[in-house]
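Worksheet: one structure, shown below.
Worth saying up front: this structure is predicted, and the values here are computed from it rather than measured. Because only heavy atoms are used, hydrogens play no part in the values below, and waters and symmetry mates are left out as well, while side chains stay in. Index from 1, following the sequence. Both counts, for ligands and for their atoms, begin at 1 and track the order of listing.
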Amino acid sequence: MRLRLNSISGKTKLPDKRLLSTILSPLCVPWKRRLETLAVMGFIFMWVILPIMDLWVPFHILFETRWWFLVPLYAVWFYYDFETPRRASRRWDWARRHVFWKYFSNYFPLRLIKTADLSPDRNYIIGTHPHGMFSIGAFVATSTNATGFEEKYPGIKSHIMTLNGQFYFPLRREFGILLGGIEVSKESLEYALTKAGKGRACAIVVGGATEALDAHPNKHTLTLKYRRGFCKYALKFGADLVPMYNFGENDLYEQYENPIGSRLRTVQERIKTIFGLCPPLLRGRSIFNQYMIGLLPFRKPITSVIGRPIRVTQTDEPTVEQIDELHAKYCEALYDLFEEYKHLHSIPPDTHLIFQ
Ligand SMILES: *[C@@H]1O[C@H](CO)[C@@H](O)[C@H](O)[C@H]1NC(C)=O
């Protein structure tokens with residue numbers, strides 16, 4: 001099997017005269033940039049390292065330390081609090097507004113563009129694309145105030161929706177819940193859109209883990225053609241549909257080439273069928289500089305654009321035709337949004353969204 005990295009690999013070769021400054025660079029980085037990198041490391045720790053530690057640290061605490069009683073205590077809390085992610089969670093504004101997220105978002109940097117008001121007396125499903133590796137644009141826009149969601153959409157309570165498995169990891173689930181993350185399921189959506197009051201906006205990364213396998217720099221391939229569940233529930237629960245596109249999300253990491261039909265992709269698809277998801281073979285930068293391989297995303301800007309809401313009339317039993325019609329309308333709105341704002345990331349005029 002031939003594995004080849006994407007185009008940027010030419011740039012990542014180390015030029016000789018830069019060698020010295022590369023080795024020294026960690027010593028002369030300004031504090032502001034260090035704090036930004038630290039915030040991103042914290043995020044990667046939370047989302048990648050902590051779940052792995054969760055497999056053994058509780059056992060270590062239970063059997064090897066005098067803090068063992070914390071484990072059964074936490075287990076009771078976990079059991080008691082199990083339903084919270086499907087009951088609109090527990091948003092804590094202090095956590096969402098914390099300066100940590102400012103440093104985090106300035107690393108890339110991130111920005112959020114509003115194109116229309118969202119009236120707080122309606123509910124919304126925000127479809128957000130592309131998934132990228134970690135959906136950083138969508139996450140920061142809807143789970144923190146780092147890019148100013150609160151001021152841009154007064155009265156709107158936003159939630160990012162994610163796989164229920166994300167809420168099984170001790171400690172990490174608490175962070176997810178305090179930032180307003182909710183489970184991506186019918187029950188959870190129904191609760192947030194029909195029982196939790198008006199002004200809720202639930203953001204769904206429609207393409208999910210499948211789309212992550214297409215997260216290559218400068219590519220805009222979306223898994224959307226056959227994903228219609230979000231349209232069905234928008235009709236059922238009477239929520240307006242809002243398209244959102246995160247320009248630059250796919251540029252944060254490189255990934256081994258895996259076009260559909262290649263051997264790597266076939267193996268990845270098989271793993272996905274068995275385990276429900278397949279982590280992409282990603283390649284980012286190291287903590288100290290961008291020439292060494294690591295788990296950190298590249299410092300590349302992301303521009304999240306939230307489009308105009310598509311008015312949806314509540315329908316108890318939507319027909320296939322109604323769902324298809326809304327889906328077509330949504331895809332068209334998303335396509336237009338991409339066309340209207342792609343110049344912000346210097347995307348060539350002949351590059352368009354691909355729906356597959
Ligand atoms: C939210 O973010 C915006 C933009 O950064 C900022 O102006 C505003 O003060 C923040 N709001 C709160 C309540 O922290």
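- Shown in contact with Glu150 at under 4.0 Å from a heavy atom are these atoms of ligand 1, numbered in order with element: 13 (C).
- Arg299 and Glu36 are joined by a salt bridge, as a carboxylate oxygen and a charged side-chain nitrogen come within less than 4.0 angstrom of each other.
- Summary of contacts: the protein heavy atom closest to atom 3 (C) of ligand 1 is Glu151 OE1, 3.6 Å.
- For an aromatic pair to be called close, the ring centres must be under 6.0 Å apart, and Trp47 with Phe169 fails this.
- In terms of N/O distances under 3.5 Å, ligand 1 is approached by Lys102.
- For atom 7 (O) of ligand 1, no protein heavy-atom neighbour is found at a distance under 4.0 Å.
- Ion pairing between Lys329 and Glu332 fails under the 4.0 Å rule for side-chain N and carboxylate O.
- Nearest non-hydrogen protein atom to atom 4 (C) of ligand 1 is Gly148 CA, 3.7 Å.
- The 12-atom threshold is exceeded at NZ of Lys342, counting heavy atoms of other residues, nucleotides or ligands nearer than 6.0 Å.
- Under 4.0 Å is where a charged nitrogen must lie from a carboxylate oxygen, and between Asp93 and Lys157 no such pair does.
- From the protein, the heavy atom lying nearest to atom 13 (C) of ligand 1 is Arg97 NE, 3.3 Å.
- Checking side-chain atoms of His327 against main-chain N and O of Leu224 turns up a donor-acceptor pair under 3.5 Å.
- Geometrically, ligand 1 and Asn145 share a nitrogen or oxygen pair separated by less than 3.5 Å.
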